[in-house]
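Structure record follows, encoded as structure tokens.
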Amino acid sequence: MQLGKVKQWVPGLASFIHYDKKNLKYDIRSGLSVAAVALPVAIAYSELMGINPIIGLYACILPMVVYALFGSSRQLIVGPDAATCAIITAAVAPLALGNQDMLWLLAIVITIMTGFWCLVAGHFRLAIFADFLSPPILQGLLNGVAVTIVVGQIANILGLSALPSDLIESLIALPGKIAGTHWLTLALSTVCLVILFILKALRPGWPAPLIVMTLATLLSWQLDFNAMGIAIIGSFGHGLPHISMAHFDPELLRALIIPSLNLSVISIVSCMMTVRSFANKNGYEVDIDQELRALGYINLAAGLSQGYAVSGATSRTAVNDANGGKTQMVSLVAALMIALVLFFLTRFISFIPLATLGAVLIYAAWSMFSIKSIFSIRKHSRSAYALTLFTLAAVLVVGLIDGIGFAILLGLLQFLHTVFRPTDQLLGVDSQGIIHTVSSGNHIKPVDGLLMYRFNSTLTYFNVAYFKTRVLKMVDSAPKRPNWVAIDAAICFTYNDASVFSSLKELMAELKTRGVMLVLAGRTTELDEWLVQNQIIRKDVNLLLVPDLYFAIRMIQSNNLQMEVKEQDSAMQSASDSAKDNIGGDRESNGQ
């Protein structure tokens, strides 16, 4: 019993206890491939943040081990991510005031805060908010991050002194510094970029960043790039870097609350998208709430091991999947390889040229930047396209943190607009009696005497007035006044809201003055209970409940048929009476 509870909270433990040795060769091969990709990327992302490159390895090792125990995905690889690193930099760099140790310390603090928010979200089962940022908004955000990273690496690529951190200010300052370009650095950057993209095109399965970084580091070591004026990472000093908490001002926690919430949202969205896509591809289910808790644990682990925020790494997960990784043993193998590099090859890492790191970052950012995706959104929806461009512009103009705030606000406004003013349709039937939407471009016809209406949102207190207005407008604008209005109740009546049923009573009264009967189709049992609870007695009002719209159609067609029969009987009776009167009159005339 106790073991069952442990497995419930530590789902990865079960896979290791019952590990199938047949998977070992696949997991080892995938683990080595993942480490080959993760190493150069982690080092480059640390350079992006302006902290010691070794810290990127700290952010890989323990989080990978923790996710292997607490995650429910078989393929997901966690680690530093371009978007999260850019967000951390934008949040903590202004507070660090150029102090690298303070920058590192603030990165650790915001990472721990992010882990805390993820655990809170996991406790309240808020994984559904992974869908909060719509794909168009997320696409605009990622493209903005990509542009920000590329512009931020211009100084390393050209061998210039540091440019301003703000994107707009950096672009303004660039023309005045372009004359100071170091041509050997530019040549090295260009060669590295060319090799990266050639390998991506011709050998996509090869770890291109590791190959380029290894070659550049060997050349730097043998040819002494530093003496040539090509900047390198440089010595880390004796032993591994470690942080001191001596001069931390607790007031800085207040300044990091909003950025850490933004970082949590982006991390959750990114991680859940990756987890779901690879689980669907490989045909298994994941526990989204457990994934949210695991995201909290790995960020706490990253912070406590002096690393920075991590999330699901799509590129490294894809490498794992492509190499046939079967279980989270892949993460343990990759973590072990990175740990070996950390303990035994740090001197070699010190020779890595900054130009090569810049090239690797641009290469990584290029995979996030997609004009094709933006124009694909434009083809499907103009409004979604506008949201994408607005988010992209916000990130570029007002900065990453404020841009994310705008993106989240846009997502909220988009949701509220959908709920406040949802789409709706008039319904009719085709020649075979199947219900479809009535529109000018099709041959769907309304049922005679019946107006069928669908409101595409849950009815609640802030949209029921709009619902009532739309129904009455449909009735009043109909070419022929209907006798019945049937509402698809299964779509819009989803819970008992007193405001909704109060407005429903008003709607029934207004329809009654027009000689129209209201029919609610679907949810008959629940609606019957809710009507009683809201003191609406159906026999006293203009309301019918039916199981579905097809039942309503049959009922109304049957009623129309009965009315036609009655009208025919009445007409025949009138004709008979008239004939009798005429015969009687003739007899009276003949009698005279």
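Bear in mind the structure is a predicted one, so any value in this text is a computation, not a measurement.
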Minimum-distance pair of heavy atoms, taken over all atoms of [X] and [Y]:
X	Y	result
P207	V37	CB-CG2, 4.2 Å
P63	V78	O-CG2, 3.7 Å
G122	R293	O-NH1, 3.9 Å
L106	A96	CD1-N, 3.9 Å
M272	L292	CE-N, 3.5 Å

Are the side chain of [X] and the backbone of [Y] linked by a donor-acceptor contact shorter than 3.5 Å?
X	Y	answer
W117	V265	no
T111	A107	yes
T317	A313	yes
S350	R347	yes
S264	C118	no
S305	L62	no

Checking side chain to side chain contact (heavy atoms under 4.5 Å, CB included) for the pair L295/I298: CA distance, chi angles, key distance, verdict?
-> CA-CA 5 Å; L295 186 60; I298 63 174; 3.8 Å; yes

Test side chain to side chain contact (heavy atoms under 4.5 Å, CB included) applied to S30 and N23, V330, D321, the passing residue | V330

Between atom CG of L361 and atom OH of Y45, what is the distance when rounded to the nearest 0.5 Å?
-> 7.0 Å

Does the side chain of L188 reach to within under 4.5 Å of the side chain of T356, using non-hydrogen atoms?
->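 Yes, close enough: below the 4.5 Å cut-off.
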
Evaluate the side-chain proximity of L119 to Y297: yes if any heavy-atom separation is below 4.5 Å, no if none is.
->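 Of all side-chain heavy-atom pairs linking L119 with Y297, at least one is under 4.5 Å.
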
Could you go step by step and tell me if I77 and M64 meet the side chain to side chain contact (heavy atoms under 4.5 Å, CB included) rule?
-> CA-CA 7 Å; I77 302 297; M64 281 183 171; 3.8 Å; yes

So does E285 have more than 12 non-hydrogen atoms from other groups sitting under 6.0 Å from CD?
->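 Not more than 12 within 6.0 Å, no.
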
Residues, nucleotides or ligands: over 12 heavy atoms within 6.0 Å of Y284 OH =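 More than 12 within 6.0 Å, yes.
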
Any chance you could lay out the side chain to side chain contact (heavy atoms under 4.5 Å, CB included) test for V10 and F70, step after step, and finish with the verdict?
-> CA-CA 5 Å; V10 191; F70 289 95; 3.9 Å; yes

Check the side chains of Y308 and S46 for a donor-acceptor pair under 3.5 angstrom, ignoring hydrogens and angles.
-> yes

